[in-house]
Amino acid sequence: MTKGNISVQTENIFPIIKQFLYSDQEIFLRELISNAVDATSKIQTLSRKGVYKDELGDVTIEVILDKEAKTLTIRDKGVGMTEAEVNKYLNQVAFSSAQDFLEKYKNESSIIGHFGLGFYSAFMVADKVEVVTQSHKRKDRTVKWTCEGDPKYTLDKVDKRERGSDVILHVSDDATEYLEESRIQQLLDKYCKFLPVEIKFGTKTEKVYKDDEDKEGTDVVTDNIVNNPNPIWKKAANKIKDEEYKSFYNELYPFSQPPMFWIHLNIDFPFNLTGVLYFPKINNSMEVQKNKIQLYSNQVYVTDEVKEIVPEFLTLLHGVIDSPDIPLNVSRSYLQSDQNVKKITSYITKKVAEKLSKLFKKKRESYEEKWNDLSVFVKYGMVSDEKFYEKAIKFVLLESTDGKYYTVDEYREKIKAAQTDKYEKQVFLYCNNKEEQASYVSAAKDKGYDVLVMDNVIDNHFMQQLEQKLDKVTFVRVDSDIVSNLVQKDETMESVLSEKETEKVLGIFKENIAAEANRFEMKALSPDEPPVIITKPEFMRRMAEMQRLQGMDMSIMPESYNVIINSNHTLVAEKLSKMRNDEKKSEFANYLYQLALLNQGMLKGEGLSKFVARSIEFLK
Ligand code: ADP
Ligand code: MG
């Protein structure tokens, strides 16, 4: 037996390991299994190259729980270590790198979770660790390294065993959760699901039925293999069927709706990155869907916080990114300025734009069918990412109230003749509530205008963005004050009433209706337009909407609107202007006004019930 001291430079770091890493304790298992995978990959490579000439045999890694002995063992059939290697790798390299690591990141425990401090993380949960290892070089003896959580270790020669290593953790009394099968299974699911070497954890029992007659079934015990060593993102895209992509999605997010489509990422220069990103069904519930992308490094799960690597709008996507080139051992602010990370970000953005563009060009119909789910994503991308905007402006769609879809260019062409105002601006009319604004929509359509639907949470920002970027385009809500001025013919229409009569009618409204007098305005509109119309100043309304989106309280601002009286409508020109009885005049004007309010959805509560009661009286 050899005794020795681990090459400690400063103080004893074992208490520090335990204390500082408490929150990320569970990563010890990932670290130890990763080492087992590394050792296995090495022997596979040596065998492939003919350096290792013996039979490779079954290289399944085993995780073995022994509750009675209070041990958790990770067993591999990898390269193993000679005595010299144990000295070098465990007593010097691993120890000093663990020490360096702790020195640097003592205060950033979140990073430790991502990076891990390697072999020595075992001491977070164990007060004694044994490594029994047989090198693949047959002439070497099997050695056993023991360390009880202090700088002393022992090294014994033991009976020869098979190639590979057992790392035996004597779980400490304050970490007994790691002696629970369910806890270990949970960790294996989280960190090891896609590791490249099969990992066995105990057995599982399944009922097998011989035939339909066999009601009882037979229990069949099989190895419990916890991982899928060949995840889809490592395979060549042209060899994978759609069904496989879908079932992988289901594996990642059980019980989710199937994804719309996906992108297979694969690049090895100037950085290495593979992965599959899925477009989920989004609809309007943006927040719930965010941050579901999982980041792996060589098939080892690292984190699902990918904010720094994936542009904000792409966090709506789901799936997996695997890259050994993403530096995980550095602080967040550094990550944001890291050139590799920047390249990765723009690569992913570019791929996503390409995919959408291709889908739009090749399968426009199905693209339109998916637009409802895609639109938030594309618009969000456009308002938040300049580069994405440049690409997406060619495939972002505008939905018309009659259910047709147009690109921005197509739409400009379509409305050019009818919807260009006197300043040569193209007016994109829109509604954000098809039901509430129905009468305005149909009035606009009667005039030969087209109306878009803009009812998504992101649309306010999106419209503003388009107005800024596109030359001479303005968005105007269909019930806005600008609409009636849009086309010349409205302005040049002759009024049926004389100037004096017009003044008189306006007076009736101003005197009898409890609303700010300066809101009333007489206009000579078409006789087909309603007698009284309520419009809202486009600018003010949009300001208010933007501020509300930013979380400001808008209740202090009074709602602003205009009341337009159509002097050419028969109810105004013929009926109201000719009434003699003052009371009747007042009542009639009020009624027309209430109708306009009703049309705009502004008649509510008591006002509404009074109006209904009065209507019933009228009908009698
Ligand atoms: P890293 O894995 O980053 O090298 P670790 O602290 O996890 O750092 O491991 C230190 C070294 O110990 C490894 O590089 C490897 O040489 C050796 N080692 C650890 N576990 C095993 C194992 N199961 N089989 C063979 N060698 C191992
Ligand atoms: Mg390691």
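All residue numbers refer to positions in the sequence shown, counting from 1. Order of appearance sets the numbers: ligands from 1, and atoms from 1 within every ligand.
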Considering all heavy atoms of both residues, which atom of [X] and which atom of [Y] are nearest to each other, and what is their separation?
X	Y	result
Tyr153	Asn87	OH-OD1, 3.2 Å
Val132	Ile168	CG2-CD1, 4.1 Å
Glu180	Leu65	C-CD2, 3.9 Å

Margin query: Quick test of your reading of the model: are Lys210 and Glu216 salt-bridged, counting only N-O distances below 4.0 Å?
Written below: no
Structural part of [X] in contact with ligand 1, heavy atom criterion under 4.0 angstrom:
X	answer
Ile74	neither
Leu90	side chain
Glu31	neither

Check: Near Lys49 NZ, under 6.0 Å, is it more than 12 heavy atoms from other residues, nucleotides or ligands?
Finding: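 Counting neighbours around NZ of Lys49, 12 or fewer heavy atoms of other residues, nucleotides or ligands fall under 6.0 Å, so no.
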Starting from [atom], what is the nearest protein heavy atom, named by residue and atom, and what distance separates them?
atom	result
atom 10 (C) of ligand 1	Ala94 CB, 3.6 Å
atom 2 (O) of ligand 1	Asn35 OD1, 3.0 Å
atom 5 (P) of ligand 1	Phe119 N, 3.5 Å
atom 27 (C) of ligand 1	Met81 CE, 3.5 Å
atom 23 (N) of ligand 1	Asp76 OD2, 2.9 Å

For ligand 1, which atoms sit closer than 4.0 Å to a heavy atom of [X]?
X	result
Gly118	5 (P), 6 (O), 7 (O)
Ala39	24 (N), 25 (C)
Tyr89	11 (C), 12 (O), 16 (O), 17 (C)

Check: Between Asp76 and Ser165, is there a donor-acceptor pair closer than 3.5 Å when you use the side chain of the first and the backbone of the second?
Finding: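 Yes, because the side chain of Asp76 sits within donor-acceptor range (under 3.5 Å) of the backbone of Ser165.
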Notebook entry, point to check: Between the side chain of Tyr296 and the main-chain N/O of Phe194, is any donor-acceptor distance below 3.5 Å?
Noted result: no
Next item on the list: Check whether the ring centres of Tyr253 and Tyr278 lie less than 6.0 Å apart, and answer yes or no.
Entry: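 No, they do not, as the ring centres are separated by 6.0 Å or more.
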Item checked: Asn35 near the Mg ion (ligand 2) via N/O/S, less than 2.8 Å ->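 For Asn35, the answer is yes, given that an N, O or S atom comes within less than 2.8 Å of the Mg ion (ligand 2).
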